[in-house]
Amino acid sequence: MTGAPARTLLLWCPDWPVLAAEIVDGVPATGPVAVLHANRVVACSERARAEGVRRGLRKREAQGRCPQLTVVEYDPGRDARAFEPVVAAVEELVAGVEVVRPGACAVAARGPGRYLGGEEAAAERIIEHVAQSCLVESQVGIADGVFAAGLAARAGRVVAPGGTPEFLAGLPVEALGRSALADLLRRLGVRTLGDFAALPAGDVLARFGFDGALAHRLAAGRDHRPLAVRQPPADLTVTAEHDEPIDRVDAAAFVARALAERLHERLAGHGLACTRLGIEAVTEHGQELHRVWRHDGLLTAAAIADRVRWQLDGWLSGSNGRAGARPARPTAGIIRLRLIPDGVIAQAGLQAGLWGETGEERERAHRALSRVQGILGPEAVVTAVLGGGRSPADQVRLVPWGDERVPARPGPPADAGVDPATGRDGGGAPPWPGRLPAPAPAVVLPSPLAATVHDAAGEPVVISARLAVSAPPARLVVGTGQPAEIVGWAGPWPVDERWWAPVEARRRARFQVSLADGAALLLAVEAGQWLVEAIYD
């Protein structure tokens, strides 16, 4: 590629992982703080550096140098979330921002330099705006290319056009950010970027490979990578303000229809469709109401309007049934209504099922159940999701209708078989040692029932610590009921969970028993007590 690298302005926030921990978690960045990843320091505060803490130190060595050191685990998601307001502040002044990493973002310097009165004036303006908007200190560097601009930002310099190779020549090879390569270069006697850039490009490629050749181009100031500017997300939210408060369901239905059509048109204009809808309302007295509706298909304009109408009906109708049946009526009418497309996908990104999964009958059921949710709340309608676990109660998670059906624990899919070679469940899921064998019980009792089990001589059946059964079970009594004859049994299957946490530890053994009347039960013995946990069909 020919041509000089583009002039680049890069904003850098020193010690950003430490600042992100303060912004998100409230850890004071003015104190001695170190952010650790894989038991090594990846960032530290200024006060921690004054105590001798450096990047790359192990946790114990860092705490030895600074006993009062506050340790924070590295969280890239936290760093990215905290950096978003800084990027938004930069976008208020300049367009075409690229996030290099959390704590650093770059823009082409030509535009800001022209309309803000020069490159130095643009740098000062951006630094001041970020400080006022986000209360974050930053430094700006300007040079030819993103790599050189990043190094210039650490020194707060504006490198003159064409002066980037000279600026880079005196920097140590560690500035490349490749520790293994820098160590090898130093052992070969190459100590600065200028020394490295002076090597023949063909020899560098043959000796250090493609990554070494790329580093060689950076060291010579030939950074031709164009900025990958980010596109600010489109504002898809629609809002309706009302001078007269809405306190009747019929008026709310009219507003819901108009607002839903506006939202659908806005989404269609961006080639998007909504799968999860947030509904927000503010009353005349300042009360804020919020609810999220989820749907496993595409929400049409009519579907959006229906959900908004149902939700407004649920809010405005108030509680006139049995206690707790419906939420309390708002203290005043609604003056602001907002629809937020919380989950969007490409309009052609969802394919309808071939066997009726999204057919008319399913849609009718969904509308009815969603209507119930709008009146009684999202937890009023739940469905079961199978997952992993050792007992039937652990393998089922109840989720509100319309929510993502994600199991609480990883487990094999419902149709996965057992690999005869390994004895493990199919589907690529991890096995659960101690899991009950098939078939699964049809009814899992919300609270186990106390029971007693006796042998043929009438003596209680006891399970020893080594899982030895004192005698074959012969009779079962559940609670105060009549004795039932046991005609078949299997077990015990032991479970010893969370033994490392005495308060949460649980040790029990499970049995499957069949009774003379045809019933089959799942029994458990815990702390010497027999319990009925589930019933087989």
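Arg49 has a carboxylate O that lies under 4.0 Å from a charged side-chain N of Asp15, or vice versa, which qualifies the two as a salt bridge. Under the 4.0 Å criterion applied to side-chain N and carboxylate O atoms, Glu280 and Arg336 are not assigned as salt-bridge partners.
Using a 4.5 Å cut-off on side-chain heavy atoms (C-beta onward), Thr8 and Val107 make no contact. At least one side-chain heavy atom of Val238 sits less than 4.5 Å from a side-chain heavy atom of Arg266. Contact of the Ile142 side chain with the Arg7 side chain is registered, since non-hydrogen atoms from C-beta on lie closer than 4.5 Å. Annotation: side chain of Thr192 is not in contact with side chain of Val173 (no heavy-atom distance under 4.5 Å). A 4.5 Å side-chain heavy-atom check between Leu277 and Ile304 finds at least one atom pair inside the cut-off. The shortest side-chain heavy-atom distance between Val41 and Val35 does not fall under the 4.5 Å cut-off. In this structure the side chain of Cys105 never reaches within 4.5 angstrom of the side chain of Val100, judged on heavy atoms. In this structure the side chain of Leu11 reaches within 4.5 angstrom of the side chain of Ile126, judged on heavy atoms.
Other residues, nucleotides and ligands contribute over 12 non-hydrogen atoms within 6.0 Å of the CZ atom of Arg81. In this structure, Glu92 places its CD atom where more than 12 heavy-atom neighbours from other residues, nucleotides or ligands lie under 6.0 Å away. Other residues, nucleotides and ligands place no more than 12 heavy atoms under 6.0 Å from the CZ atom of Arg125. The environment of Glu241 atom CD is dense: over 12 non-hydrogen atoms of other residues, nucleotides or ligands sit within 6.0 angstrom.
Among all heavy-atom pairs drawn from Ala89 and Ser133, the shortest one is CB-CB, 4.1 Å. Taking both residues in full, the closest heavy atoms of Ala143 and Ala149 are given as CB-N, 3.7 Å, listed atom of the first, atom of the second, then distance. In terms of heavy-atom proximity, Leu236 sits nearest to Leu263 at O-CD1, 3.4 Å. Across all non-hydrogen atoms, the minimal contact from Val204 to Gly212 is CG1-O, 3.6 Å. Minimum heavy-atom separation, Val18 to Cys44: CG2-C, 3.7 Å. The nearest pair of heavy atoms linking Ala215 to Leu176 is O-CD2, 3.7 Å.
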Begin with the C-alpha distance, continue with both residues' side-chain angles, and end with the deciding distance and a verdict on salt bridge (Lys or Arg N to Asp or Glu O under 4.0 Å) for Arg78 and Asp25.
CA-CA 9 Å; Arg78 176 187 62 206; Asp25 299 331; 3.1 Å; yes
Criterion salt bridge (Lys or Arg N to Asp or Glu O under 4.0 Å) on Glu497 and Arg508, from CA distance to verdict:
CA-CA 9 Å; Glu497 296 178 305; Arg508 65 191 189 279; 3.2 Å; yes
The test is side-chain contact (heavy atoms from CB on, under 4.5 Å); show your working for Leu218 and Arg222 and say whether it passes.
CA-CA 6 Å; Leu218 297 178; Arg222 300 195 300 270; over 6 Å; no
side-chain contact (heavy atoms from CB on, under 4.5 Å) assessment of Arg510 paired with Val495:
CA-CA 8 Å; Arg510 285 82 48 82; Val495 172; 3.2 Å; yes
Go through Val158 and Val140 one step at a time and tell me if the side-chain contact (heavy atoms from CB on, under 4.5 Å) criterion holds.
CA-CA 8 Å; Val158 176; Val140 166; over 6 Å; no
Yes or no on side-chain contact (heavy atoms from CB on, under 4.5 Å) for Val282 and His290, after CA distance, side-chain angles and deciding distance?
CA-CA 9 Å; Val282 178; His290 179 76; over 6 Å; no
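At least one cation-pi condition fails for Arg507 and Trp499: the charged atom is not both under 6.0 angstrom from the six-membered ring centre and inside a 45 degree cone around its axis.
Applying the ring pair (Phe, Tyr, Trp, His ring centres under 6.0 Å) test to every pair with at least one member in residues 47-92, sequence neighbours left out, gives these pairs: Trp16-Phe83, His37-Tyr74. Residue pairs satisfying the ring pair (Phe, Tyr, Trp, His ring centres under 6.0 Å) criterion with at least one member in residues 112-168, sequence neighbours excluded, are absent. Evaluation of the ring pair (Phe, Tyr, Trp, His ring centres under 6.0 Å) test over residues 84-106, restricted to residues two or more places apart or in two chains, returns none. A side-chain hydrogen bond (donor to acceptor under 3.5 Å, both in side chains) check over residues 176-188, counting only residues at least two apart or in different chains, returns the pairs Glu174-Arg186, Arg178-Asp211, Asp183-Arg187. Listed by first and then second residue, the side-chain hydrogen bond (donor to acceptor under 3.5 Å, both in side chains) pairs that reach into residues 155-172 are Asp144-Thr164, sequence neighbours excluded.
Side chain of Thr239 to backbone of Thr237: no donor-acceptor contact under 3.5 angstrom is found. Side-chain atoms of Ser45 come within 3.5 Å of backbone N or O of Gly31 as a donor-acceptor pair. Remark: the backbone N or O of Val42 is paired with a side-chain donor or acceptor of Arg55 at under 3.5 angstrom. Checked by atom type and distance alone, the side chain of Glu51 never pairs as donor or acceptor with a backbone atom of Cys66 at under 3.5 Å.
Rounding to the nearest 0.5 Å places CG of Leu199 at 11.5 Å from CZ of Arg207. Here Leu339 contributes atom CG and Arg262 contributes atom CZ; the two are 8.5 Å apart, rounded to the nearest 0.5 Å. One finds the CD atom of Gln132 at 12.5 Å from the CD1 atom of Ile127 (value rounded to the nearest 0.5 Å). Interatomic distance, Leu69 CG to Gln63 CD, rounded to the nearest 0.5 Å: 6.0 Å. To the nearest 0.5 angstrom, Asp79 atom CG is 11.5 Å from Cys13 atom SG. Here NE2 of His216 is found 6.0 Å from CZ of Phe196. Values are rounded to the nearest 0.5 Å.
Each of Lys59, Arg65, Arg58 was scored for a salt bridge (charged side-chain N to carboxylate O under 4.0 Å, His left out) with Glu61, with one residue passing: Arg65.
Taking Phe208 as the reference, nothing meets the ring-ring contact (aromatic ring centres under 6.0 Å, His included) condition, with sequence neighbours excluded.
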